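Sequence lines set the chain letters: A, B, ... in the order given, protein chains first and strands last, and positions in each chain run from 1. Keep in mind that what you see is a predicted model, and the values were worked out from it rather than measured.
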Protein chains: 2
Amino acid sequence: MKLSNGVEWALHCCVSLTQSQAPVPAGRIAKLHGIPSAYLAKHLQSLSQAGILRSTPGPAGGYVLTRAPAQITVLDVVLAIDGPEPAFRCTEIRRKGPLGLGPEKCRTPCAVSRAMAVADSAWRAALKGITIADLARDIEADSSGSAMGPVRQWLAATG
Amino acid sequence: MKLSNGVEWALHCCVSLTQSQAPVPAGRIAKLHGIPSAYLAKHLQSLSQAGILRSTPGPAGGYVLTRAPAQITVLDVVLAIDGPEPAFRCTEIRRKGPLGLGPEKCRTPCAVSRAMAVADSAWRAALKGITIADLARDIEADSSGSAMGPVRQWLAATG
DNA sequence: GGAACAATACTCGGATAGGCCATGTCCGAGTTTACCCGG
DNA sequence: CCGGGTAAACTCGGACATGGCCTATCCGAGTATTGTTCC
């Protein structure tokens, strides 16, 4: 199991976008993070489709957060990039083989599937309990309050 | 993010192996579950390397659980098949770009990495709280106590 | 009859191809801006 | 000087190659069995 690389990028981008009220182009935010701009655009597109970002075309266009950082959970971002499907998908092994159960016995998910679903729920609950605002605050605290300011200035600077 | 298909197979195989004290060949347990035998062998090999199963070569050989089902957690099986690495791997984005932090500022994991680690821990804790014995008991309960018996007989039957 | 030996059959184990999804990239559609021209 | 029109530049959006990992498979190394042969 490996999580898409774009998840990390998307989270950092959302944190950085909290520092700009004006739209930020994909190329600019990509350069800020030192990541390939064309590929990041693809992920920002996913965030836009998920309703996390709002895109404005044309000059002075770019991406903006659609709502307050405290209203965007990490889970929202992860699901937007990685897809809403759970990591584990039951292939109904119990119905196969010489001792396969009939469909009437398979109304409820099997025990294995339920166990994985419980773990998946715990994972999502943990991600849902953290917001972009929390991340921004933690990053600010890690740098003793000298991280977000330069980002805000860099995004506001023209060029 | 997609979990390897072999995880489901491995869990079902471990549950079935609780019903046999004698070694069960890979081909036989594969036929029981209606899955490709050659590919399952690869996963059983992983379980063997992880110390969950013990393999015995030669005629009347096969795989046996190394310890009591209550001592084998679902997490053990998942890690054996899927690998011990967490799903999220931090690429240290904060060190890149024009505002990249110096190495002296990156002694501790970044906030994004920590958030994902917390979720990963929750996921693993949930999986660690369920054992193969629990799964076997639940499957038995789902079928009103008529699932494990036939499996035991089918595995014991020759041919 | 018993024991040692050799051949056999069956098992696991690692090395080997193929398919699908994530990665990485590109160019076209749409929109705002700025400039230019006419009144 | 002001307003309208046009051209341009910049943006996003989706369509297009590429690589790596999961899937799937095979054959060789090793071992317990079994049959045979000799004492």
Handout entry: Criterion salt bridge (Lys or Arg N to Asp or Glu O under 4.0 Å) on A:Arg114 and B:Asp134, from CA distance to verdict
Key = CA-CA 12 Å; A:Arg114 289 197 304 257; B:Asp134 295 330; over 6 Å; no
Problem - Salt-bridge criterion met for B:Arg67 and B:Asp76 (N-O under 4.0 Å) - result: yes
Problem - Between P of C:dT11 and CG of B:Leu53, the distance in whole Å - result: 16 Å
Practice task
Mind checking A:Gly27 for me? I need base, sugar-phosphate or nothing, with any heavy atom below 4.0 Å counting as a touch.
Solution key: nothing
Completion exercise
Heavy-atom nearest nucleotide on DNA chain C taken for A:Pro59 and for B:Gly61; more 5' hit belongs to B:Gly61
Handout entry: Cluster overlap A:Leu75 with A:Ile132, hydrophobic side-chain contacts below 4.5 Å
Key = yes
Exercise for the section: Determine yes or no for a side-chain-to-main-chain donor-acceptor pair under 3.5 angstrom, with A:Ser121 supplying the side chain and A:Ala117 the backbone. Expected result: yes
Fill in the blank from the handout: From the list B:Val7, B:Thr131, B:Ile130, side chain to side chain contact (heavy atoms under 4.5 Å, CB included) partner of B:Val74 resolves to B:Ile130
Name the pairs: protein N/O against N/O of nucleotides 18-24 of chain D, kept only if under 3.5 Å.
from: D:dT23; atom 1: OP1; to: B:Asn5; atom 2: N; distance (Å): 2.9
from: D:dT23; atom 1: OP2; to: B:Ser4; atom 2: OG; distance (Å): 2.9
from: D:dT23; atom 1: OP2; to: B:Tyr39; atom 2: OH; distance (Å): 2.7
from: D:dT23; atom 1: O5'; to: B:Tyr39; atom 2: OH; distance (Å): 3.1

Handout entry: Atom pair distance, as rounded to whole Å: CZ in B:Arg54 and P in D:dT31
Key = 13 Å
Problem - Nucleotide D:dC10, atom P - distance to NZ of A:Lys31 in whole Å - result: 13 Å
Problem - Atom pair distance, as rounded to whole Å: CZ in B:Arg28 and C1' in C:dC10 - result: 14 Å
Problem - No-hydrogen, no-angle side-chain donor-acceptor test under 3.5 Å, A:Thr91 and B:Glu8 - result: yes
Problem - A:Leu44 CG - D:dT11 P separation (whole Å) - result: 13 Å
Practice task
Tell me whether the OP1 or OP2 atom of C:dG13 has a side-chain N or O from B:Ser55 closer than 4.0 Å.
Solution key: yes
Practice task
Describe the nucleic acid contact of B:Ala26 in one word from base, sugar-phosphate, nothing, applying a heavy-atom distance below 4.0 Å.
Solution key: sugar-phosphate
Handout entry: Rounded interatomic separation in angstrom, taking CD1 from A:Ile81 and P from C:dC21
Key = 18 Å
Practice task
Hey, which sits more toward the 5' end of DNA chain D by its nearest nucleotide, B:Gly58 or B:Leu40?
Solution key: B:Leu40
Problem - Candidates A:Arg95, A:Arg94, A:Arg89 - the one meeting side-chain hydrogen bond (donor to acceptor under 3.5 Å, both in side chains) with A:Glu92 - result: A:Arg94
